[in-house]
Structure formats: C-alpha cells, structure tokens
Amino acid sequence: MGVSATHEVSRLLAEWANGNKQALDDLTPLVYRELRQLAASYLRKENPGHTLQPTALVHEAYLRLVDQKSPDWQGRSHFFGVAARLMRQILVDHARKRQAGKRAGRRVSLEDVVSFQPERSRDLVALDSGLKALEELDPRKCRAVELRYFAGLSMDEIAQTLAVSAVTVRRDLRMAEAWLLHEMQSG
C-alpha cells in the first residue's frame with residue numbers, strides 16, 4: 001500500500017469514527033484487499049481441504065470490525081492491529097474446536113505457530129494462552145507480538161502504533177518471544 005493510500009485509509013478511518021457512513025463504504029475496498037492478503041498469508045500452508053478459508057476469516061473479522069458502535073481508530077496501523085487481534089481470536093476459536101486435549105511438550109517457534117497448520121492447532125491455543133498471560137504481565141510486549149506476527153506490521157509501524165522507538169520494539173519482541181516460548185513449553 002503506497003503512502004497516499006495509507007493516508008487515505010487513515011483519513012477514511014477518522015471520518016468513519018466521526019459518523020460518516022460513506023467513509024466506511026469508501027474504506028471497505030481499500031482495507032478488504034489488505035485484510036484478504038493478511039488472512040491468505042496466515043492460511044497459505046493449510047491443507048486444501050481445511051475448513052477455514054481466507055475469505056471466511058476476513059469476512060468474520062471485518063464484520064466484527066464494522067459492528068463497532070463508535071470506533072476510535074488512531075490510524076491505519078491501529079485498525080490493522082485490531083483486525084489482527086480479531087483474526088487471532090477467530091483462528092484460536094477454530095483451533096479449539098478442532099483440537100481437544102493438551103499439547104505435547106515440544107519446542108516450536110512463533111513463526112511456526114502462526115503458520116496455522118492443522119498440526120499446530122494445539123500450539124496456537126497454547127500461544128493464545130501465553131499471549132493472555134503476557135498481556136497481564138506486560139501489555140506493550142503483547143501488543144508488539146500481535147502487531148508483528150498477526151498484523152504483519154513493520155518495526156517502524158509497530159513503533160509508531162505503540163509510541164516507542166523501533167529499537168524498543170525489537171527489544172520487546174525478543175523478550176516477548178523468549179517468554180512466550182518458555183510459557184508454551186512449560187504449559
């Protein structure tokens with residue numbers, strides 16, 4: 001998405017937050033494409049017969065986004081961060097339905113977990129539990145993980161969203177990743 005399109009999304013989000021319904025109509029094709037690409041990247045490694053398709057994931061997340069009574073979007077990065085959190089919740093719910101039981105104690109990376117392969121469903125549920133615990137401990141680190149791995153934002157975009165430096169984002173991500181991997185292995 002180019003700079004002018006990024007500004008257009010931010011402008012439309014602000015207008016929508018101020019009650020302009022036409023802004024939502026204008027915003028939809030701009031963000032839908034990017035949300036669809038984000039969902040497709042999450043589900044790319046899934047089996048062809050997998051029951052959750054990118055379109056369904058996007059539609060569910062989008063319906064939840066536009067159903068908000070008085071949205072207070074702080075810009076494009078904030079919007080996609082919220083969308084990423086919603087997609088994560090939808091995927092975790094889906095994984096919980098498909099996988100009952102406890103996960104085996106094996107080492108996995110965050111990159112592997114967020115690939116959403118069927119055999120990773122338990123890992124995704126464990127990651128969700130870990131993220132909830134991390135949010136209690138350090139909400140900013142949790143947000144950084146969500147924005148990086150679920151929204152696909154760059155370090156600079158995360159820094160802007162969290163109002164910290166890119167160096168702080170990198171440090172937060174390293175610490176959060178180590179903490180989450182430990183939590184997932186001991187959980």
Side-chain angles (χ1 to χ4, degrees), residues 1-98 110-118 120-121 123-125 127-128 131-132 135 142-162 169 173:
M1 186 173 274
V3 174
S4 63
T6 298
H7 290 303
E8 181 69 2
V9 167
S10 295
R11 183 186 67 76
L12 290 170
L13 286 168
E15 287 183 20
W16 174 31
N18 289 327
N20 181 344
K21 300 299 179 197
Q22 182 60 45
L24 176 58
D25 293 341
D26 295 342
L27 178 69
T28 300
L30 292 175
V31 297
Y32 185 85
R33 226 170 302 138
E34 195 164 342
L35 289 171
R36 177 73 169 76
Q37 290 172 348
L38 186 61
S41 72
Y42 287 160
L43 299 170
R44 190 169 286 126
K45 295 180 183 178
E46 288 290 342
N47 291 333
H50 189 266
T51 58
L52 187 61
Q53 297 299 317
T55 302
L57 178 57
V58 170
H59 286 185
E60 180 65 26
Y62 191 75
L63 287 173
R64 292 183 189 186
L65 284 166
V66 299
D67 193 36
Q68 298 186 35
K69 299 296 180 225
S70 55
D72 182 26
W73 306 115
Q74 298 164 10
R76 177 192 167 278
S77 295
H78 180 240
F79 176 83
F80 284 104
V82 171
R85 180 174 272 206
L86 287 172
M87 284 186 193
R88 180 185 120 217
Q89 290 170 347
I90 293 162
L91 288 165
V92 167
D93 290 345
H94 185 74
R96 280 192 176 120
K97 288 175 187 170
R98 290 182 51 97
L110 287 180
E111 293 286 347
D112 288 341
V113 173
V114 298
S115 71
F116 304 116
Q117 298 171 5
R120 296 285 188 217
S121 293
D123 296 330
L124 182 58
V125 172
L127 175 61
D128 183 59
L131 283 170
K132 287 177 182 174
E135 187 170 33
C142 179
R143 251 346 239 138
V145 169
E146 290 174 341
L147 293 171
R148 181 67 176 165
Y149 290 99
F150 290 92
L153 298 185
S154 70
M155 294 294 177
D156 290 334
E157 289 172 321
I158 297 168
Q160 179 183 5
T161 301
L162 299 178
V169 170
L173 284 172

Value for OH (Y149) from CG (L127), rounded to nearest 0.5 Å, stands at 10.0 Å
Salt-bridge criterion met for D128 and K132 (N-O under 4.0 Å): yes
Let me see the working for V9 and W73 under side-chain contact (heavy atoms from CB on, under 4.5 Å), right down to the final yes or no. CA-CA 11 Å; V9 167; W73 306 115; over 6 Å; no
Salt bridge (Lys or Arg N to Asp or Glu O under 4.0 Å) contacts in which one or both residues fall within residues 9-19, not counting sequence neighbours: E8-R11, R11-E15
Quick one: list whatever passes side-chain contact (heavy atoms from CB on, under 4.5 Å) with T161, sequence neighbours left out. S77, L147, L153
Validation row: D26, W16 side chains within 4.5 angstrom (heavy atoms): no
I want to check something: taking the side chain as every heavy atom from C-beta on, are M155 and R148 in contact at a cut-off of under 4.5 Å? yes
Where is the tightest heavy-atom contact between T55 and R36, given as atom of each residue plus distance? OG1-NE, 3.2 Å
Polar side-chain atom of R85 near backbone of G81 as donor-acceptor pair, under 3.5 Å: no
Nearest 0.5 Å, please: how far is CG in L27 from CZ in R76? 11.5 Å
Distance-minimising heavy-atom pair for P54 and A39: O-CB, 3.7 Å
Using every non-hydrogen atom in the two residues, find where I90 and A61 come nearest and quote the distance to one decimal. CD1-N, 3.5 Å
I would like to know whether F80 and V31 meet side-chain contact (heavy atoms from CB on, under 4.5 Å); could you show each step before the answer? CA-CA 9 Å; F80 284 104; V31 297; 4.0 Å; yes
In sequence, state the C-alpha distance, the side-chain angles, and the governing distance for H78 and L13, and then conclude on side-chain contact (heavy atoms from CB on, under 4.5 Å). CA-CA 10 Å; H78 180 240; L13 286 168; over 6 Å; no
Measure the spacing between CD of E146 and CG of L86 and express it to the nearest 0.5 Å. 10.0 Å
Qualifying ring-ring contact (aromatic ring centres under 6.0 Å, His included) pairs, either residue in residues 18-41, two or more places apart: Y32-H59
